[in-house]
Structures are given as C-alpha cells and as structure tokens.
K.L.:
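A single structure is presented below for examination.
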Amino acid sequence: MEKRSESIQRFFGRFERQIVFVASFAALLLAVMLHNVGGGKWTDWFEPRAVLSLLGMVVGFLYLHWQLELQNENTLKANEKQAADKLRLEIYEKIANRIEATHVPLSKLSNSPGFFVMELRLLNRLKARSGDIPESSFPKHNFLTISNDVRDVILSLIGVIELYELALSDFGIFKKKLNEQMRLATAEISKFSYDTLSYVKMDGFGPAVWPPDFPDLDKTAENISLMGIDLMCTVGDLRVEALNHLVSPLFHGKKATPRRPGDPTVQVTSISGGAAIQDDR
C-alpha cells in the first residue's frame, strides 16, 4: 500500500505541470463554450467584468499549481528524511550487534592469562605438599582459541565500518586503531600460549619445565590484560560516537556521554570531523 502511494505521488509530481495546463485550458474552453451557448459574443470577453473573471481564473490555477508544487516538494523531503533515518538506525543496529559480540572474547582476553598464572601458583603449592602436579583446568590450546575469537569479532566490527564506508567516512580512525590493537593483543596472547605449554601437565605427561617463571608470567599476563582493556575502551568509544552521529539526530540532538578516564594520559578515541551522515535538521 505504501509503495503504491509513493508511485502515485511520483506520477503526479512528474506530470504536474502538464495536468495543471490541461485543466486550465479545459476550464477556459468550457467557460467560452458556455458563454457562447448562452448567446454571448466574443467581444464580451474584453469587457472589464469578463477580464476580471478570466484573471481570477488564471490566478486561481496559478495558486493551485503553487500548492501542488509545495506539497510535492514537502512530500519528497519527508520521504528523503524517512529514508535517511531508517538508514541511520540500520547502520547503528549492525554496529551495536558487532559490539555486543566482542564482550565475551575481550573479557576472556583480559582475564584468562591472569587466572592461568594464579592456577600455576596453586599447582606449585600442591606440588610442594604432595610432590605431584595436577593437570591444568585450562583446555588444551585455550589461549589460541581466545586469540582467534578476538581476531574474528574485531574484524567483523571493522567489516561493518568498511561496508558503510561512504556513510561512515569519519570512522576511519576506529578501523585503524582497532586493527592495530587487535594485532598486538593476538600476537601477545599467542606467544603467551606457546611459552606456557612447557608448564602444563596434559594427558598425564609433563610439565616439561618447573617451576614456572612467575615474575615473567605476571608481567606478560598484566600486559595482555591492559591490551584487552584498551580494546574494550576503543569499542566503547565507537559505541558512543555511533550513537552521537547516527542516532542523536533522531532524538533532537541529545548526546551520549563520552568516556572520561581518571588518568589524564589515557586517550579517548573520537571523531574529529562532523556527522558521518549529513543532516540538515
């Protein structure tokens, strides 16, 4: 029904001038015919009364034409605004879904290395008491799985920005920063996975090296945790910018509050330019 209405509007908008001209000519011709049928003469049309009537008729049709032009222009603007608003919501919904998918992998990236080092300390205490080292509760290749999951969700988020690059041209800073942070974090946790294999007893064998180098492991785990937190912060900044540039115009310019870190040296990622989708409202 809506498509049919739009088709009718486009038809009348396209042939509006022709319709008004034909209607004006038909009305004038009808007036002349009725006048002649009533016994009137052609010269009667040059009398003041007839001239004023004809002038009023012309002005009336010109006014009608102006009204139709204005109505058609307002309709086109309303349709363009509705289409732009719909596009804004669609883009933000896709970005929000990709952001939601990052929560679990990034949480595992930040917390798992530290938990693993804590478990190694517990196993070291158990060995001191019983002389035997129990198997680790962490699944085999667990950190490689975390690395792959982080890479997948971040690349998927970057993919949405690239898909709507024409509409999100100002969001390039997030593509660059997310890609760089992801590369560093996945490389670090993959190295951590390789380095800690020698400390793990699996399938009744190992560990190859004991005791673990806890100072080095603590430092690496803390570094990975900070990388995960940095990724979470950048993703959060992206959510705020997406809200303010895509959804804010739909709510009379209300803005989401940017992140305000307590440490002044911590950088908040933001867009330096204007709105990603131009809005004349």
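For the single chain, residues carry numbers from 1 onward in sequence order. Side-chain atoms are counted along with the backbone in the values below, which use heavy atoms only and exclude waters and symmetry mates.
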K.L.:
Starting from L155, can I reach L238 by hopping between I/L/V/M/F/W/Y residues whose side chains sit under 4.5 Å apart?
P.N.:
yes
K.L.:
Considering the options T269, T102, V235, which one meets the side-chain contact (heavy atoms from CB on, under 4.5 Å) requirement together with L178?
P.N.:
V235
K.L.:
Can you tell if the side chain of M232 reaches within under 4.5 Å of the side chain of H103, non-hydrogen atoms only?
P.N.:
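They are not in side-chain contact.
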K.L.:
Between N111 (side chain only) and S107 (backbone N and O only), is there a donor and an acceptor less than 3.5 Å apart?
P.N.:
yes
K.L.:
Please determine, by modelled atom types, if E188 and T220 share a side-chain donor-acceptor pair under 3.5 angstrom.
P.N.:
no
K.L.:
Side chain to side chain contact (heavy atoms under 4.5 Å, CB included) with D213: which residues, sequence neighbours excluded?
P.N.:
Y199, P215, D216
K.L.:
Determine whether the side chains of N148 and R151 contain a donor N or O and an acceptor N or O closer than 3.5 Å.
P.N.:
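Yes, R151 and N148 have a side-chain donor paired with an acceptor closer than 3.5 Å.
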K.L.:
Look at atom CD of E90 and say whether more than 12 heavy atoms of other residues, nucleotides or ligands are closer to it than 6.0 Å.
P.N.:
yes
K.L.:
Working to the nearest 0.5 angstrom, can you tell me the gap between L243 CG and T257 OG1?
P.N.:
10.5 Å
K.L.:
May I have the step-by-step check of salt bridge (Lys or Arg N to Asp or Glu O under 4.0 Å) for D237 and R259, ending in yes or no?
P.N.:
CA-CA 7 Å; D237 294 339; R259 180 168 55 93; 2.7 Å; yes
K.L.:
Applying side chain to side chain contact (heavy atoms under 4.5 Å, CB included), run through L217 and F192 and close with a yes or a no.
P.N.:
CA-CA 8 Å; L217 291 177; F192 181 81; 3.9 Å; yes
K.L.:
Quick check: are there more than 12 heavy atoms from other residues, nucleotides or ligands sitting under 6.0 Å from NZ of K255?
P.N.:
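Atom NZ in K255 is packed in, count exceeds 12.
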K.L.:
Quick check: F143 with F116 (ring centres under 6.0 Å apart)?
P.N.:
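Ring-ring flag for F116/F143: true, centres closer than 6.0 Å.
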K.L.:
Can you tell me how far the CG atom of L120 sits from the OG1 atom of T196, to the nearest 0.5 Å?
P.N.:
7.5 Å
K.L.:
Is it possible for you to say whether L246 and V160 belong to one hydrophobic cluster, with membership spreading through side-chain heavy-atom contacts below 4.5 Å?
P.N.:
yes
K.L.:
Might you work through the side chain to side chain contact (heavy atoms under 4.5 Å, CB included) test for Q181 and M227, ending with a clear yes or no?
P.N.:
CA-CA 7 Å; Q181 290 177 332; M227 289 179 173; over 6 Å; no
K.L.:
So, for G228 and L109, which heavy atoms are closest and what is the spacing to 0.1 Å?
P.N.:
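So the two residues come closest at CA-CD2, 3.7 Å.
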K.L.:
Minimum heavy-atom separation for P211 to N124, with atom names?
P.N.:
CB-OD1, 4.1 Å
K.L.:
Given the rule in the side chain to side chain contact (heavy atoms under 4.5 Å, CB included) test, do Y92 and R239 qualify, once you have shown the distances and angles that lead to the verdict?
P.N.:
CA-CA 9 Å; Y92 178 74; R239 181 191 65 82; 4.0 Å; yes
K.L.:
If two hydrophobic side chains count as joined below 4.5 Å and joins carry through other members, does V209 share a cluster with L197?
P.N.:
yes
K.L.:
If you compare all heavy atoms of I158 against all heavy atoms of N179, which two are closest, and at what distance to 0.1 Å?
P.N.:
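It is CD1-N, 3.8 Å.
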K.L.:
How many angstroms lie between atom CG of L184 and atom CG of L231, to the nearest 0.5 angstrom?
P.N.:
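Output value for this atom pair is 9.0 Å.
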K.L.:
Minimum heavy-atom separation for T234 and F174, please, with both atom names.
P.N.:
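Closest approach of T234 to F174, heavy atoms only: O-CE2, 3.7 Å.
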K.L.:
How far does CD1 of I224 sit from OG of S112, to the nearest 0.5 angstrom?
P.N.:
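I224 CD1 to S112 OG: 9.5 Å, rounded to 0.5 Å.
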K.L.:
Please round to the nearest 0.5 Å and tell me the distance separating atom OG of S156 and atom CG of N97.
P.N.:
9.5 Å
K.L.:
Around F214, counting heavy atoms of other residues, nucleotides and ligands shown, do more than 12 lie under 6.0 Å from its CZ?
P.N.:
yes
K.L.:
Is S193 reaching over with its side chain to a backbone N or O of I189, donor-acceptor style, under 3.5 angstrom?
P.N.:
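A pair under 3.5 Å: no.
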K.L.:
State yes or no: do I146 and F115 share one hydrophobic cluster built from I, L, V, M, F, W and Y residues joined by side-chain heavy-atom distances below 4.5 Å, directly or via other members?
P.N.:
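Yes, same cluster.
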K.L.:
Quick check on the hydrophobic clustering: are I229 and V240 connected, directly or via other members, by side-chain heavy-atom contacts under 4.5 Å?
P.N.:
no
K.L.:
At what distance, to the nearest 0.5 angstrom, does CD of E241 lie from CZ of F171?
P.N.:
6.0 Å
K.L.:
Decide, yes or no, whether a salt bridge links E180 with R183 under the criterion of side-chain N to carboxylate O below 4.0 Å.
P.N.:
yes
K.L.:
Within a reach of under 6.0 Å around NZ of K94, are more than 12 heavy atoms found that belong to other residues, nucleotides or ligands?
P.N.:
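Not more than 12 within 6.0 Å, no.
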K.L.:
Taking all non-hydrogen atoms of both residues, which atom of I95 and which atom of L157 are closest, and how far apart?
P.N.:
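The answer is O-CD1, 4.0 Å.
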K.L.:
Cut-off 3.5 Å, side chains only: do S190 and S147 have a donor facing an acceptor?
P.N.:
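Side-chain D/A pair, S190 to S147: present.
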K.L.:
Using every non-hydrogen atom in the two residues, find where R88 and H245 come nearest and quote the distance to one decimal.
P.N.:
NH1-O, 3.1 Å
